[in-house]
Amino acid sequence: PKPLELYRDCAFHLVDKFLGWEVTAPVVPFNSKELGKGVIRPYWRLARTFEDYQLNNSSMNGDFWIKAAVLDFMCGVVDRNHNDILLVDVEECVLIDSGLSFVSGINFLAQKSVLRERIMGREIPRHLINDIRLIHKSSLARALKRYLGLKEKKSFLARAELTRERAQIL
């Protein structure tokens, strides 16, 4: 991936980590003379992607799906596919490949998210809205400065505020 995508993938994980939602696979950036720039993630030998499964509204119950869809909107993900969702255990899923994210603007037409498309309009539980509320009262915006430009950061904060106000999957 391009360096900007690597930084955005790191920023996506940082937001998830800040919220304490734990829906992304951990990602750590590196830069070496031999390998160049990249990110390191855990490796699951037996992980399967959700490309192998039929996703529908009834199978998408629980906080994981809502958290993932909310993060996709707030972080401006434009390319969330089935193969970006790993099933790493019988009951555990994680998101990977969030590099095409943090687009500018509140409404972005080019977005594709297999998660949001299926549960659009679903109410976000109050405890998750309370987590989102903390974004504006935190040092997260300063931490994102390492990975994002000013427009991207402002767009993220605006989408987070919109999500908090509407309390539904946008």
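These figures come from a predicted structure and were not determined experimentally.
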Go through the steps to decide whether Ile85 and Ile96 satisfy the test side chain to side chain contact (heavy atoms under 4.5 Å, CB included), and finish with yes or no.
CA-CA 6 Å; Ile85 307 163; Ile96 61 167; over 6 Å; no
About how many Å separate [atom2] of [Y] and [atom1] of [X], when rounded to the nearest 0.5 Å?
X      : Y      : atom1 : atom2 : value
Ile132 : Lys67  : CD1   : NZ    : 11.0 Å
Thr163 : Ile106 : OG1   : CD1   : 9.5 Å
Leu144 : Leu150 : CG    : CG    : 12.0 Å
Phe73  : Ile169 : CZ    : CD1   : 10.0 Å
Leu148 : Ser104 : CG    : OG    : 9.5 Å
Leu170 : Arg122 : CG    : CZ    : 14.0 Å

Would a hydrophobic clustering, with Ile, Leu, Val, Met, Phe, Trp and Tyr connected at side-chain separations under 4.5 Å, put Leu71 with Leu134?
yes
Would you list the pairs meeting side chain to side chain donor-acceptor pair (under 3.5 Å) in which at least one residue belongs to residues 143-157, sequence neighbours left out?
Arg8-Glu152
So, do [X] and [Y] sit near enough that their side-chain heavy atoms are less than 4.5 Å apart?
X      : Y     : result
Pro125 : Ile66 : yes
Ile135 : Met74 : yes
Glu5   : Asp9  : no

May I have the list of side-chain donor-acceptor pairs in residues 17-29 shorter than 3.5 Å, sequence neighbours left out?
{"residue": "Trp21", "atom": "NE1", "partner": "Asp131", "partner atom": "OD2", "Å": "2.7"}
{"residue": "Thr24", "atom": "OG1", "partner": "His13", "partner atom": "ND1", "Å": "2.7"}
{"residue": "Thr24", "atom": "OG1", "partner": "Asp16", "partner atom": "OD2", "Å": "2.7"}

Short question: side chain of Arg159, backbone of Gly105 - any donor-acceptor pair under 3.5 Å?
yes
Can you see which heavy atom on [X] is nearest to which on [Y], and at what distance?
X      : Y      : value
Leu14  : Leu140 : CG-CD1, 4.1 Å
Ile129 : Ala167 : CD1-CA, 3.7 Å
Cys75  : Phe156 : SG-CE1, 4.0 Å

Go through the steps for Phe12 and Asp97 under the test side chain to side chain contact (heavy atoms under 4.5 Å, CB included), then give the verdict.
CA-CA 10 Å; Phe12 190 91; Asp97 193 14; over 6 Å; no
I'd like to know whether Arg126 forms a side chain to side chain contact (heavy atoms under 4.5 Å, CB included) with Asn130, so could you lay out the CA-CA distance, the side-chain angles of the two residues, the decisive distance to 0.1 Å, and finally the verdict.
CA-CA 6 Å; Arg126 178 68 33 213; Asn130 289 338; 3.9 Å; yes
Please walk me through it: do Trp65 and Val70 pass side chain to side chain contact (heavy atoms under 4.5 Å, CB included)?
CA-CA 9 Å; Trp65 303 104; Val70 167; over 6 Å; no
Should we count CZ of Arg133 as having more than 12 external heavy atoms under 6.0 Å?
yes
Do you see a donor-acceptor pair shorter than 3.5 Å between the side chains of Arg80 and Ser98?
yes
